[in-house]
Participant: 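Here's a structure for you.
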Protein chains: 2
Amino acid sequence: MRDFTLELDDQLCFALYAASRAVTARYRPLLDDLGLTYPQYLVMLVLWERGSVPVKDLAAALQLDYGTLSPLLKRLESAGLIRRERRPDDERSVRIVLTGHGDELRERAKDVPPAIGDAMNLGQEDTARLRALLRTLADNVSR
Amino acid sequence: MRDFTLELDDQLCFALYAASRAVTARYRPLLDDLGLTYPQYLVMLVLWERGSVPVKDLAAALQLDYGTLSPLLKRLESAGLIRRERRPDDERSVRIVLTGHGDELRERAKDVPPAIGDAMNLGQEDTARLRALLRTLADNVSR
DNA sequence: CCCAATTAAGTTGTGCACAATCTAAACGGG
DNA sequence: CCCGTTTAGATTGTGCACAACTTAATTGGG
């Protein structure tokens, strides 16, 4: 029989919570140079990859709701990185489009992943293993 | 040479961020029954383990600063779960002490870790592996 | 064809996270 | 013993997360 305690250090959840914040903290100075917060960076990753994306798909990709995304996108818009386009054939839907400025930022962001990979210092093997475990966990927990 | 891209799904950081939020979301209904948020639950874990703790040590254990802890503790206090005691020999230091009500909550929280462990569904082996990887990661990244 | 139900998005309110700033108590070297 | 420095803690302001609610456009069944 497995033995579950209330001790902080036993909890996988705390290791997860602490690691997530530690990684975000490591990103912060790099992203400050780009004028982005961490969640804003994630949005930009999706846009750099797909060019333009409906808000709905952005929400699905990042697992965020409109309550988080709407104000975040408003800030990216007033920073001049994105534009909102309401679809003519469905006035409910809003498509997020990169501006020229937003696209240019991609070049400057190229250095971020290697710098973080270096700081994480896990090696290719453990990185893949960890990513797989995290996906399994997220999957299990959200069904 | 390792190949770092800007694709969202490549990023370990996103898997980490998503998994952390998914796990917290799974805790939510259980903690709602106890009248706690997830960070409040973490504080209570430390208090249930150590009885009473100076705010400074709480901050160190959870890696949180006073800006996060002060208002959180104020809410736990007005919920009647904790008490603040200013140390007579050092008026700067505040010690957090469980109230009777706070101590009683421990009994009701006993069911939480097994329920979460069950939902995570990782097995003892992978759980230990994941926890170890997360600690190494947090360690590497915050040096 | 119409209207009830659904869908996309936004808004409001609460509670973290964290940087920056502030206060007051304690310490310590000259 | 005094004053500059350090330390414990709180406060303020910004930006997520997320629940609950609102709005407006679209859809689909009778």
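Labels below follow one simple rule: chain letters A, B, ... track the order of the sequence lines, proteins then strands, and each chain is numbered from 1.
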Participant: Nearest to the side chain of B:Pro39, heavy atoms from C-beta on, is which of C:dA17, D:dG9, C:dG15?
Facilitator: C:dA17

Participant: Here's a test of your reading of the structure: between A:Ala25 and A:Val94, which maps to the more 5' nucleotide of DNA chain C?
Facilitator: A:Val94

Participant: Given atom CG of B:Asp65 and atom P of C:dA20, what is their separation to the nearest angstrom?
Facilitator: 12 Å

Participant: Same hydrophobic cluster for B:Leu6 and A:Val53, using side-chain heavy-atom links shorter than 4.5 Å among ILVMFWY?
Facilitator: yes

Participant: Provide the closest heavy-atom pair for A:Asn140 versus B:Asn121 in the form atom of the first, atom of the second, distance.
Facilitator: ND2-O, 3.3 Å

Participant: Among C:dA9, C:dA19, D:dG15, which nucleotide has an atom closest to any side-chain atom of A:Ser93?
Facilitator: C:dA9

Participant: Check whether any side-chain N or O of A:Tyr17 sits under 4.0 Å from OP1 or OP2 of C:dA17, and answer yes or no.
Facilitator: yes

Participant: Can you tell me the distance, in whole Å, between the CG atom of A:Leu76 and the C1' atom of D:dG15?
Facilitator: 12 Å

Participant: Does D:dA17 have OP1 or OP2 under 4.0 Å away from a side-chain N or O of A:Thr68?
Facilitator: no

Participant: Between the side chains of B:Thr99 and B:Arg83, is a donor N or O closer than 3.5 angstrom to an acceptor N or O?
Facilitator: no

Participant: Between B:Ser93 and B:Asp90, is there a side-chain donor-acceptor contact under 3.5 Å, judged purely by atom types and distance?
Facilitator: no

Participant: I want to check one thing: is the phosphate of C:dA19, taken as OP1 and OP2, less than 4.0 Å away from some side-chain N or O of A:Arg28?
Facilitator: yes

Participant: Between atom CZ in A:Arg87 and atom C1' in C:dA8, what is the gap in whole Å?
Facilitator: 11 Å

Participant: Using a cut-off of strictly less than 4.0 Å, decide whether B:Gln40 has a side-chain nitrogen or oxygen near OP1 or OP2 of C:dG15.
Facilitator: no

Participant: Looking at D:dA10, I'd like to know if its phosphate oxygens (OP1 or OP2) sit under 4.0 Å from a side-chain N or O belonging to B:Arg84.
Facilitator: yes

Participant: With distance as the sole test, does B:Gln11 use its side chain to make a donor-acceptor pair with the main-chain N or O of B:Thr5 at under 3.5 Å?
Facilitator: yes

Participant: Using a heavy-atom cut-off of under 4.0 Å over every strand shown, decide if A:Asp89 touches base, sugar-phosphate, or nothing.
Facilitator: sugar-phosphate

Participant: Return no unless some side-chain N or O of A:Arg75 is found under 4.0 Å from OP1 or OP2 of D:dT14.
Facilitator: no

Participant: Would you kindly compare A:Leu69 and B:Gly67 by the position of their nearest DNA chain C nucleotide and give the one closer to the 5′ end?
Facilitator: A:Leu69

Participant: Side chain of A:Lys56: nearest nucleotide among D:dA10, C:dG15, C:dA9?
Facilitator: C:dA9

Participant: Taking for each residue the nucleotide of DNA chain D bearing the nearest heavy atom, is the 5' side occupied by A:Pro71 or by B:Val55?
Facilitator: B:Val55

Participant: Nearest-Å distance, CD (B:Glu91) to P (C:dA25)?
Facilitator: 7 Å

Participant: So, is A:Lys74 close to the D:dG15 phosphate, meaning a side-chain N or O under 4.0 Å from OP1 or OP2?
Facilitator: no

Participant: Are A:Arg21 and C:dC18 close enough that a side-chain N or O sits under 4.0 Å from OP1 or OP2?
Facilitator: yes

Participant: Rounded to whole Å, please give me the gap between CG in A:Leu62 and P in D:dC16.
Facilitator: 12 Å

Participant: Which one, D:dG9, D:dT26, C:dA19, comes nearest to the side chain of B:Arg86?
Facilitator: D:dG9

Participant: For B:Arg26 and A:Arg143, which heavy atoms make the closest approach, and how far apart are they?
Facilitator: NH2-O, 3.1 Å

Participant: Any link between A:Phe4 and A:Leu16 through a network of hydrophobic side chains (Ile, Leu, Val, Met, Phe, Trp, Tyr) touching at under 4.5 Å?
Facilitator: no

Participant: Of the nucleotides C:dC16, C:dA9, C:dA25, which has the atom closest to the B:Arg92 side chain?
Facilitator: C:dA25

Participant: Rounding to an integer number of Å, can you tell me how far B:Tyr66 OH sits from C:dT23 C1'?
Facilitator: 14 Å

Participant: Just the rounded figure in Å: distance from P of C:dA9 to CG of A:Asp57.
Facilitator: 8 Å

Participant: For B:Leu72, report the nucleic acid contact type (base, sugar-phosphate, nothing); a contact means any heavy atom under 4.0 Å.
Facilitator: sugar-phosphate

Participant: Tell me which nucleotide among C:dA17, D:dA25, D:dT7 gets nearest to the side chain of A:Asp90.
Facilitator: D:dA25

Participant: Looking only at side-chain N and O atoms, does B:Thr37 come under 4.0 Å of OP1 or OP2 in C:dC16?
Facilitator: yes

Participant: Select one nucleotide: of C:dA25, D:dA17, C:dG15, the one nearest the side-chain heavy atoms of A:Leu64.
Facilitator: D:dA17

Participant: Rounding to a whole Å, what distance do you find between B:Glu77:CD and D:dA10:C1'?
Facilitator: 13 Å

